[in-house]
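Residue numbers begin at 1 in each chain, while the letters A, B, ... track the order of the sequences.
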Number of protein chains: 2
Amino acid sequence: MARPRKFDEERVLLAVRDAFWDKGYAATSLDDLLQASGLGKGSLYGAFGDKHTLFLRALRDYDNTNLLALRESLESAARGIDMVRDFVLGPAADPTGAVSRRGCLLANSNAELAASTPEVAAEARRSYDAITAILTEALERARREGDLAPDADPADTARAVLVAQLGLVALGRTGEAPDTLAAAARSVLTRLLPAAAR
Amino acid sequence: MARPRKFDEERVLLAVRDAFWDKGYAATSLDDLLQASGLGKGSLYGAFGDKHTLFLRALRDYDNTNLLALRESLESAARGIDMVRDFVLGPAADPTGAVSRRGCLLANSNAELAASTPEVAAEARRSYDAITAILTEALERARREGDLAPDADPADTARAVLVAQLGLVALGRTGEAPDTLAAAARSVLTRLLPAAAR
DNA sequence: GCGGTTCTGGACCGAATGGGCCATAACGAG
DNA sequence: CTCGTTATGGCCCATTCGGTCCAGAACCGC
């Protein structure tokens with residue numbers, strides 16, 4: 001019927017996500033987005049709407065990708081506890097610290113925008129609730145597999161695990177030395193899930 | 001000698017801090033700052049320098065106040081463990097959720113700016129290191145008072161406690177229901193410091 | 001009361017912002 | 001090949017940004 005798009009929508013979304021991730025929402029100008037995506041103003045605007053809409057779209061994409069990866073991680077884990085351990089240790093896993101320093105797009109965005117942009121806070125709640133559900137499932141499995149005390153409540157433990165991971169992400173974002181970060185991760189993991197620490 | 005200042009520097013700093021706290025650094029315009037402080041451009045600029053400098057000043061003020069309060073809290077605590085418990089439960093203590101939703105200025109700022117403004121990340125590290133030291137002292141005392149297992153390492157435990165608190169602050173910033181937040185706080189506290197949970 | 005100095009707040013500036021617009025190009029259907 | 005449709009990207013605009021500057025006001029010591 002008509003002229004087809006020259007760009008791959010998903011690719012643009014990833015480039016835009018990176019731009020927002022690196023500079024934050026407010027500090028990323030339309031120009032930055034155009035340069036990152038390689039598109040012209042009309043194209044970007046026509047395909048995704050204004051900056052705000054585009055940002056939310058990229059953020060939701062990011063979240064969905066993460067949730068999917070988490071679910072897959074649980075399915076492919078040898079034991080339920082393994083997935084939980086990886087989840088907690090993840091933010092401290094990078095020996096160079098570069099990944100940790102970048103933080104999590106959702107956490108960064110929520111911290112920056114929760115007060116002024118309810119959609120971001122809502123997205124964060126949605127994401128964290130979903131993660132809690134996945135962790136709960138993982139911990140139920142871990143209990144059946146003998147890696148979690150029979151009297152421990154999986155849902156309650158899941159909340160504690162999520163909190164620990166959020167804390168590690170926040171701490172990693174400060175650029176704390178990788179060793180310190182790893183020590184903190186190990187410390188909190190040992191106390192929350194002794195069976196996962198060895 | 002000359003005309004004295006009409007405004008109280010500390011008062012202005014608090015007003016400015018609130019403005020940044022509510023909107024984030026980038027989204028707060030000079031106009032916002034003038035309105036919040038009630039000063040004219042020349043006065044604010046002359047007294048504090050540009051936006052960036054003013055922000056760092058307000059942030060450091062905020063940090064120092066927090067650290068001082070934490071030290072006082074330790075000194076006035078009946079037991080070392082009480083101070084640690086209050087520190088962890090703090091972010092979830094507000095039944096309306098308004099305080100939690102506001103988050104922590106330092107955490108918000110670090111999440112927004114760590115990548116682009118090294119001073120902010122450095123300030124966060126400084127603050128978190130200082131908090132860890134205070135917590136370590138509190139936990140050493142708690143161990144002497146029988147509220148921490150003799151074989152537990154206070155410094156290591158302090159790191160875990162800090163991570164938990166940062167996680168709760170991050171979770172609270174999403175606007176999660178106060179009940180859920182309180183449950184998460186209680187869950188993580190029970191697991192990190194059984195003696196503090198009752 | 002006077003002089004000198006500092007404070008004050010608004011006028012002003014250039015630059016950059018987010019967003020709208022449109023002439024043109026590129027394509028598929030017929 | 002032609003036509004209609006849609007993507008494209010650069011041009012344009014009003015607004016707002018952070019920051020400078022200055023004329024006048026306010027105050028102190030003398």
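Spacing between atom CG of A:Asp8 and atom C1' of D:dA7 amounts to 15 Å, rounded to whole angstrom units. Atom-to-atom, CD of A:Glu9 to P of D:dA7 comes out at 11 Å; the value is rounded to the nearest Å. One interatomic measurement links the two molecules: NZ of A:Lys41 to P of D:dC12, which rounds to 13 Å at whole-angstrom precision. To the nearest angstrom, C1' of C:dA26 lies 14 Å from CZ of A:Phe7. Per the geometry, CZ belonging to B:Phe48 stands 13 Å off C1' belonging to C:dC7, to the nearest Å. If you take CG of B:Leu44 and C1' of D:dC17, they are 15 Å apart, rounded to a whole angstrom.
Judged by distance alone, the side chains of B:Arg191 and A:Thr157 do bring a donor and an acceptor atom under 3.5 Å apart.
Residue contacts shown for A:Gly42 include a base, since a base heavy atom lies under 4.0 Å away.
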Test salt bridge (Lys or Arg N to Asp or Glu O under 4.0 Å) on B:Arg17 and B:Glu10; report intermediate values, then the result. CA-CA 10 Å; B:Arg17 178 204 64 173; B:Glu10 203 57 33; over 6 Å; no
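Within residues 50-62 of chain B, no residue has any heavy atom under 4.0 Å from DNA chain C. Of the residues in residues 19-40 of chain A, A:Thr28, A:Ser29, A:Leu30 come within less than 4.0 Å of DNA chain C through at least one heavy atom, sorted by number.
A donor-acceptor pair is defined here as one N or O able to donate and one able to accept, closer than 3.5 Å; such a pair exists between the side chain of B:Ser29 and the backbone of B:Asp32.
The stretch residues 170-183 of chain A participates, sequence neighbours left out, in these side chain to side chain donor-acceptor pair (under 3.5 Å) pairs: A:Asn108-A:Arg173. Pairs passing the side chain to side chain donor-acceptor pair (under 3.5 Å) check and including a residue from residues 86-95 of chain B, sequence neighbours excluded, read B:Asp94-B:Thr96. Among residues at least two apart or in separate chains, ring pair (Phe, Tyr, Trp, His ring centres under 6.0 Å) pairs with a member in residues 41-71 of chain B are B:Phe20-B:Phe55, B:Trp21-B:Tyr62, B:Tyr25-B:Phe55.
Pairing each heavy atom of A:Ala26 with each of A:Glu112, the nearest pair is N-OE2, 3.1 Å.
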Report the secondary structure of DNA chain D in dot-bracket form, marking unpaired bases with a dot and bases paired to a different strand with |, and treating Watson-Crick or G-U pairs with both distances under 3.5 Å as paired. ||||||||||||||||||||||||||||||
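Taking 4.0 Å as the cut-off between side-chain N and carboxylate O, A:Asp82 and A:Arg79 do not count as a salt-bridged pair. The pair B:Asp147-B:Arg85 does not meet the salt-bridge criterion, since no charged nitrogen lies less than 4.0 angstrom from a carboxylate oxygen. Between A:Glu123 and A:Arg126 a salt bridge is recorded (basic side-chain N to carboxylate O distance below 4.0 Å).
At the phosphate of D:dA7, neither OP1 nor OP2 sits under 4.0 Å from any side-chain N or O atom of A:Ser43.
For CD of B:Glu140, the number of neighbouring non-hydrogen atoms (other residues, nucleotides, ligands) closer than 6.0 Å is greater than 12.
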